[in-house]
Amino acid sequence: MAQIIDGKQIATDIKTSLKVEAERLFPLVGRRAFLTVVLVGDDPASRSYTRGKIKACEFVGIDSDLLEFPSSVSEEELLKAIERLNEDDKVDGILVQLPLPAHISKQKVIDAICREKDVDGFHPLNVGRLDQGYDCISPCTPKGIMRLINSTGVETEGKIAVVVGRSNIVGKPVAKLLLQANCTLIQTHSHTRDLDSITRMADILVVAVGKPGLIKGNMVKKGAVVIDVGISRCEDGLLHGDVDFESTAENASFITPVPGGVGPMTIAMLMANTLECYKKRNNIL
Ligand code: NDP
């Protein structure tokens, strides 16, 4: 039976050590780190994620504000607001909560955030630097996934890692991080044939699709580390992952629950990235 990777506890431990770090930095810089979260529209899930991020800032000791726009805001107006945040010296991090309304180009908005304040790590310059293995802001969810894998004590070197999903936000960047950790990597997607036989090769299996229960226990190798990124609210009103927990836990050595696995780590890594931007902007290495 698999051991559960307690993402909630690991995230709390990380935030607690970031709080100590924030306290140490405060007198050196003369002000606290500052994160601006931009929220467009009134999507309840986005609003709830945003609340979680602001609450985490309060816990760690990062100043924050929430900049809200109605869903009717024009792309031009939003881009101008981002430009103002880029120029505002007290702002260390800018996070635009996704998704955005259809009339606004997500890519234009991401491109507009200056790289030094890109706490999500989505800017093409950060993405390119991650690809090349250079110093960069890594995206929060993939960074959190790597911390969860490392928390198991399982060595990544030479292991076969299978990533199910290839989105820009999760699948592609986590694949790059696994490769940097010297895994042998296989990336799958919606056109992959015979997914079962590929997932069964994985020593480390990361699933980021958004299809509840896609991965069943018989698709998982005995002793694999299984990281379930998926979060879907189903008809039963509950949140479900992409992995069928019960059957998979019988085969895996370690497994993340949903909720309480990857989700809390994403927020903890956002806090880490905000402090990283704050330190770099203030020449603290
Ligand atoms: P996307 O919809 O952007 O990407 C989904 C990926 O899954 C695509 O690459 C798609 O392939 C692939 N896919 C679809 N069907 C299959 C299939 N049958 N077999 C293999 N691959 C398939 O989703 P995201 O990456 O943004 O998110 C994935 C999940 O993770 C969602 O449930 C989301 O809510 C959750 N999530 C959780 C976070 C957290 O903090 N816990 C953070 C971000 C996301 P193709 O490219 O061919 O279309």
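Whatever order the structure lists ligands and atoms in, that order sets their numbers, starting from 1. Here the structure is a predicted model, which is why all the values come from computation and not from measurement.
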Side-chain cluster (under 4.5 Å, hydrophobic types only) that I4 belongs to, other residues
I160, V162, V164, I186, L195, I198, M201, L205, V207, V209, L214, I215, M219, V220, V226, V243, F245, I255

Under 3.5 Å between any N/O of H191 and any N/O of ligand 1: does that happen in this structure?
no

How about K280: does its NZ atom have over 12 heavy atoms from other parts shown lying under 6.0 Å from it?
yes

Can you tell me which portion of T266 lies within the under-4.0 Å heavy-atom range of ligand 1? Options are side chain, backbone, both, or neither.
side chain

Which one holds for T141 and ligand 1: side chain close, backbone close, both close, or neither close, with close meaning a heavy atom under 4.0 Å?
side chain

Step through the shown structure and confirm whether more than 12 heavy atoms of other residues, nucleotides or ligands are within 6.0 Å of CG on D236.
yes

Can you pull out the closest protein heavy atom to atom 21 (N) of ligand 1? Residue, atom name and distance to 0.1 Å, please.
H189 C, 3.2 Å

Heavy-atom protein contact below 4.0 Å for atom 27 (O) of ligand 1
no

Nearest non-hydrogen contact with atom 37 (C) of ligand 1 belongs to which option: V229, L214, I198?
V229

Examine the side chains of N182 and K159 and answer whether a donor and an acceptor come within less than 3.5 Å of each other.
no

Could you measure the distance from the CG atom of L25 to the CD1 atom of I62? Nearest 0.5 Å is fine.
10.0 Å

Taking non-hydrogen atoms only, is M265 closer than 4.0 angstrom to ligand 1 via side chain, backbone, both or neither?
neither

Quick one: does S232 get an N or O within less than 3.5 Å of an N or O on ligand 1?
no

Among G7, G210, P142, G165, whose heavy atom sits nearest atom 12 (C) of ligand 1?
G165

Look at atom NZ of K8 and say whether more than 12 heavy atoms of other residues, nucleotides or ligands are closer to it than 6.0 Å.
no

What residue and atom, counting heavy atoms only, is the protein's closest point to atom 48 (O) of ligand 1, and at what distance?
S190 OG, 3.6 Å

Numbered in order shown, the ligand 1 atoms found under 4.0 Å of a heavy atom of V164 are 20 (C), 21 (N)

Return the closest protein heavy atom for atom 4 (O) of ligand 1 as residue, atom name and distance.
S167 CB, 3.7 Å

Which option out of I145, V170, L98 puts a heavy atom nearest to atom 44 (C) of ligand 1?
V170

When you compare ligand 1 with T188, is there at least one nitrogen or oxygen pair between them that comes in under 3.5 angstrom?
no

Just to check, does G171 reach to within less than 4.0 Å of ligand 1 when the distance is taken from its heavy atoms?
no

Answer yes or no: does an N/O atom from R166 fall short of 3.5 Å to an N/O atom of ligand 1?
yes

Taking the minimum heavy-atom distance to atom 5 (C) of ligand 1, which of D228, I227, V209 ranks first?
V209

Linking Ile, Leu, Val, Met, Phe, Trp and Tyr through side-chain heavy atoms less than 4.5 Å apart, which residues share a cluster with M1?
none

Does a sphere of radius 6.0 Å around CD in E76 hold more than 12 heavy atoms from other residues, nucleotides or ligands, not counting ones at 6.0 Å or beyond?
no

Between D65 and T36, a side-chain donor and acceptor under 3.5 Å
yes

Spell out, as yes or no, whether a donor-acceptor pair under 3.5 Å connects the side chain of D228 to the backbone of T256.
no

Heavy-atom nearest neighbour in the protein, as seen from atom 15 (N) of ligand 1, with distance rounded to 0.1 Å:
K211 NZ, 3.2 Å

Looking at atom 41 (N) of ligand 1, what's its closest protein heavy atom, distance included?
I231 CD1, 3.4 Å

I need the atoms of ligand 1 closer than 4.0 Å to a non-hydrogen atom of G263, numbered in the order shown.
40 (O), 41 (N)

Return yes if some donor-acceptor pair links the side-chain N/O of T152 with the main-chain N/O of V154 below 3.5 Å, else return no.
yes

Within 6.0 angstrom of R47 CZ, more than 12 heavy atoms from elsewhere
yes

